[in-house]
Every structure is written in C-alpha cells, then in structure tokens.
Amino acid sequence: MSNKIKNICCIGAGYVGGPTMSVFADKCPEITINVVDLNSKRIEEWNEKDLTKLPIYEPGLTKIISRCRDRNLFFSTDIERNLEKADMIFISVNTPTKKSGIGAGKASDLSYVEASTRQIAKHAKTNTIIVEKSTLPVRTADTIKKILFNVDACNDNSEIKKNFDILSNPEFLSEGNAIKDLESPDRVLIGGENEEAINELKNIYLNWVDYKKIITTNLWSAELSKLASNAFLAQRISSINSLSALCEASGADIKEVQIAIGSDSRIGNKFINPGPGFGGSCFKKDILNLVYLCEFYNLREVALYWQNILDLNQWQKNRLTKIVVEKLFGNISEKKIAILGFAFKSKTNDTRESSAIDICKNLLQEGANLSIYDPKVKDIQIENELNLKQNINLETHNKANWNFSKSIQICVEGADAILILTEWEEFEYLDWNMISKKMRKPSWIFDTRCTNNIDLAKKYGLNIWKLGNGKS
Ligand code: NAD
Ligand code: UGA
C-alpha cells in the first residue's frame, strides 16, 4: 500500500520504539526500518542471537524479531547514517517528568525530544516526514518545527533550506499486550497539517489496519488526545477505588457494585477493576503533564480536577497501609508481612511506579519485616525501587528490613500477614491449608486485588480483609 516511503528510521529503541517498529517491519516487508538508540547496551540486546535476552519481554515479540531482524528490521547506534537515509523518522524517545527548573515535578522533560530533533535537523534530507511517537505536551510540534527550521542547524554545509512535515501519531499500546495492541489497534491516530504527509503514514498502516480505524486530526488534537486517553483510563480506576472505600464503610461490596455499574453499556465493564492504585510508567507522568498544561493556560479548576485523580491514587495506597497496621493491633514493628506481587500489573516484570513501592516503603517505615515474592520481578529491581538493600537496616529505623523470597512457601513462613498487591493468576490457586500451617497466629490476609477464591482461606482459620468489601 505504501507510496514513497521506503526507508524509516526510529529514534529510541525502548518499550515503544522496539515493538512498534517490529510490527511495522513485519507488516511492511518492502520498507527498510532502522531503529537507533544512544544506548549501545540496549542495541546489543536487540541484536542478541538468543531471543530470550531481548531487552523487552512481550508475548509474540520474539517470533516477529526472528522473522524480520536483519531482513528489513535493523537495530543500530549509527544515528547519523540512518537519519540521512530515511524518508520518514519516528521520534520515540523517553519523556519523563521534569526533575528541576520551571515546571519541575509536573511538566515533561523534553530534552531527549529536543536532542533528537537537533540530530534530525542536521542529518536528515529535505522533505523527510517527522512523526512524533512519544507522548508529548500539546503544541510540542511547534517546538520541533522551530528547531527543524532553524537556519544554523539546517544549512550545515548547504545553501538549501530543508523542508520537513511533522505528524503526531501517539501510541496506545499497553504492556503485556503490546503486540496484540499494535497488530489490531482500536484506533490509529494521525495528526498533521499536510494531507500528503498524513496519507503517507496512513498508507503504511493500511497494510494491516482497517481504514475505518484510522482517525486523522489536527496536530494539537492528536497530541492532547493521547494525554486525555490516559487521563480517562486513570480516572476510571480512581473512581472505582474511591467507591471501594465507601463500600468498606457502608457494608456494600465493590465487586457487586462493579458488575452493576459495568453492565450499563454506556459505562462499560472494562478498566473498572478496583485495586491498590494504578502504577506504570505513564499514567502519573501524563496526568501531571496535563495538570501542568491546564495551569499554564490558567485553567485552575480543570487542573485541580485532574490532580484529584492522582491524589486519590496516592490516598488509596496510604489508606491500605493504615488498614494493615490497624488490623494488626496498631503495631507492625518486627512483624513479618509477606508481600505477594511487586510488578505494577500481572504479565509484566515492570515495576515502574508500582503501588507496591509506596506500600512497602510505608510498611517498612512502620517497622515491619517484609518478605517479597513476585514470579517475574528480580530482587535487584526491588532493591532499586525501594532504594534499600536486602536485610540492611534503615538508617532512620534500625529494625526495618526486607527479603526477597523465591517461592510463596518461603515467603509466608512465620508471617503475621499476607498482602496481595499484584493480580498474578497463581494467587488465585494458593494452597491455604499449607499457608495457614506456616503462618504465625492470628494470621491475616489482605487482598487488594479482589482475588478469586480468596474466601477459601477462611476455612483454614485465616482472617481475611478484602478491598471494597464492607463485610470482611
Ligand atoms: P524508553 O525509556 O523505554 O525508551 C526510550 C529510548 O530512547 C531509550 O532507549 C533512550 O536511550 C532513547 N533515547 C533518548 N534520547 C535519544 C537520542 N537523542 N537519540 C537516540 N536515542 C535516544 O521509553 P518508552 O517506554 O519506549 O516510551 C517512549 C515514549 O512513548 C514516552 O513518551 C512514553 O510516554 C510513550 N509511551 C510509552 C508506552 C509504554 O507502555 N511504555 C506506551 C505508549 C506511549
Ligand atoms: C497504559 C494504557 O492502558 C495504554 O493505552 C497507554 O498506551 C500506556 O499506559 C502508556 O501510555 O504508557 P499500561 O500502563 O501498560 O498502559 O497498563 P494498564 O493496563 O493501563 O494498567 C495501568 C495500571 O492500572 C496498572 O497498575 C493496573 O493494575 C491498574 N489497573 C488497570 C487497575 O487498577 N484497574 C483496572 O481496571 C485496570
């Protein structure tokens, strides 16, 4: 289907750049795709012969890599040469929250986007189409344009001023489902000003996506729609989590309420699972960015509205800690708490912004001894997230510590309580008989993920507290 585009370069071989370009290469064998990154270790991992060592785990990814790599898909650190050859360039670099300066803690740090744009201005040929794939604040395309059309950068050794078209094509994939989301997206969003450029990108997607699913808008709508989509998704979680607290107070049951409200087709039953608060690398970052934008445009009430979604999320994590302390007689000092699940959701080993981080830190501050088990997360990752080595005493509290457990059996040994934080499937089939024999009495189970079959634990004398259940 594709017209003029024969060579694509994607800057950023991360979670988005790697899987997205793999699917592009698989669906468009006539296009050569070069994914480039500054991080040579990451590129080496993408080029690993042993496909279990790819830098990103996603179901279905290894099959695609084995079909396309070194055929029409290449991973390289040679940014300059690959930019020179490209007809279309995707910017897929990280856009974290700014750590210092104006807007610190809220605004996006666009330094990686700016650096990539300067490289493009210098090395790309004229008439290249530049595609924003990263999640960006509204009107970032303006900044990109200003840099691209900067005379000094473009006229390097040349009298001719270069021309570029800029498109916004945000990515909506979710972790653990990336390949499925890329192969059958709910929609593809393309924002731009030049219809010809929009059609070039549209034609690429038409190789595997139904034309009815391709939405075209202006640049600013596309940029905002990405932030807004994440904000809407997060809002649903904060809404159901707020009601989980009301259920506990009033005697209602959040699972019943969830079914009742989700059965209304206008509301829908997706994305209303109550839990310990949303995590992941993007929801918090993108809502903070939205709040910053609203403040920038003097829309104080709108900023506050979205800030509340984040505040409620933090409150949910903090209140869960308080409940554990209260149920364990107001004191968890030196008590052993078994943490089941550390990843921010199941089917991934990603722990970025996982609710488990704050909850574990709170419990450690209260003096608890934690034993942490997760089927996919490594101990070094937990160590980095908690900023605390295993078994090393906290400076502020000389008794607190944590251990990584390789099995559930070891994790629950001598524990006063179990706290389920990630919805791993294996937690639905726990051997409560074995567990109750290993725990110290009285023993508590705190279930923050509404795990199926949790009630079985009662049979073996365990006390159960269930999120959003007013009767537990
Ligand atoms: P990531 O950190 O995994 O990858 C970004 C890569 O860009 C890194 O490998 C980094 O080395 C590279 N990079 C940075 N500056 C560079 C430069 N000047 N030249 C070459 N390489 C450079 O990030 P990610 O998770 O892939 O996210 C990328 C963007 O996509 C972000 O804006 C994010 O918000 C958005 N997004 C992420 C997801 C997700 O699930 N992770 C989903 C949708 C959208
Ligand atoms: C999310 C969005 O779903 C993607 O569309 C988006 O592209 C991506 O962010 C991004 O921009 O990075 P992701 O963070 O991978 O994807 O995972 P989600 O499935 O959205 O889960 C996020 C968090 O919400 C997890 O902690 C999960 O446990 C929690 N969650 C999700 C709930 O508590 N309840 C739910 O019903 C759904």
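- Between Phe404 and Tyr373, the distance from one ring center to the other does not fall under 6.0 angstrom.
- Relative ring orientation between Phe278 and Phe283 is described as perpendicular, the plane-to-plane angle rising above 60° on a 0-90° scale split at 30° and 60°.
- Residue Lys347 places its NZ atom among 12 or fewer non-hydrogen atoms of other residues, nucleotides or ligands, all under 6.0 Å distant.
- At least one cation-pi condition fails for Arg449 and Phe427: the charged atom is not both under 6.0 angstrom from the six-membered ring centre and inside a 45 degree cone around its axis.
- Other residues, nucleotides and ligands contribute at most 12 non-hydrogen atoms within 6.0 Å of the CD atom of Glu425.
- With ring centers used as reference points, Tyr205 lies under 6.0 Å from Phe24.
- Under the 6.0 Å cut-off for aromatic ring centres, Trp424 and Phe342 do not qualify, their centroids lying 6.0 Å or more apart.
- When each of Lys125, Lys6, Lys4 is tested with Asp87 by the rule salt bridge (Lys or Arg N to Asp or Glu O under 4.0 Å), just one qualifies, namely Lys125.
- Salt bridge annotation for Glu195-Lys202: absent, with no cationic side-chain nitrogen under 4.0 angstrom from a carboxylate oxygen.
- For residues 99-130, no pair satisfies ring pair (Phe, Tyr, Trp, His ring centres under 6.0 Å), with sequence neighbours left out.
- Between Asp26 and Arg67 there is a salt bridge, since at least one side-chain N of the basic residue sits less than 4.0 Å from a carboxylate O of the acidic one.
- Other residues, nucleotides and ligands contribute at most 12 non-hydrogen atoms within 6.0 Å of the CD atom of Glu196.
- Surrounding CG of Asp264 are more than 12 heavy atoms belonging to other residues, nucleotides or ligands, all under 6.0 Å away.
- A 6.0 Å sphere centred on NZ of Lys376 holds no more than 12 heavy atoms belonging to other residues, nucleotides or ligands.
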